[in-house]
Amino acid sequence: MAAAAEWLARLQSTDVTPETRGAAEQWIGASPENAWAWDEVNALWTHLGDAAEDPLARAMRARARAAVEGRRKQTP
């Protein structure tokens with residue numbers, strides 16, 4: 001489930017690339033477990049609706065994005 005959340009954060013990034021979108025689609029399609037995790041995370045995100053704009057939720061999203069960016073920079 002954590003990987004699905006990371007993909008969601010990547011896809012929410014303002015600088016998401018077509019390559020990243022393609023990689024996410026590949027990850028989702030790689031196994032039924034990935035597809036299930038994606039559906040769960042995406043459903044949760046969708047159901048949050050207005051709560052997603054809550055300052056705490058924004059801060060949590062920013063932390064997730066920063067973590068993803070930090071990992072990206074560490075990967076050669």
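The residues of the chain are indexed from 1 along the displayed sequence. In this text, all values refer to a predicted model and were calculated from it rather than measured experimentally.
Not counting sequence neighbours, the partners of E69 by the salt bridge (Lys or Arg N to Asp or Glu O under 4.0 Å) test are R72.
Within the model, atoms CG of D39 and CG of N34 stand 11.0 Å from one another, a figure rounded to the nearest 0.5 Å. Note that CD of E33 is 14.0 Å distant from CD1 of I28, once rounded to the nearest 0.5 Å. In this structure, CG in L11 is found 12.0 Å from CH2 in W45, a value given to the nearest 0.5 Å.
When hydrophobic clusters are built by joining Ile, Leu, Val, Met, Phe, Trp and Tyr residues whose side-chain heavy atoms come closer than 4.5 Å, directly or via intermediates, V68 is not grouped with M60.
Annotation: salt bridge (Lys or Arg N to Asp or Glu O under 4.0 Å) contacts involving residues 3-26, sequence neighbours excluded, comprise E6-R71.
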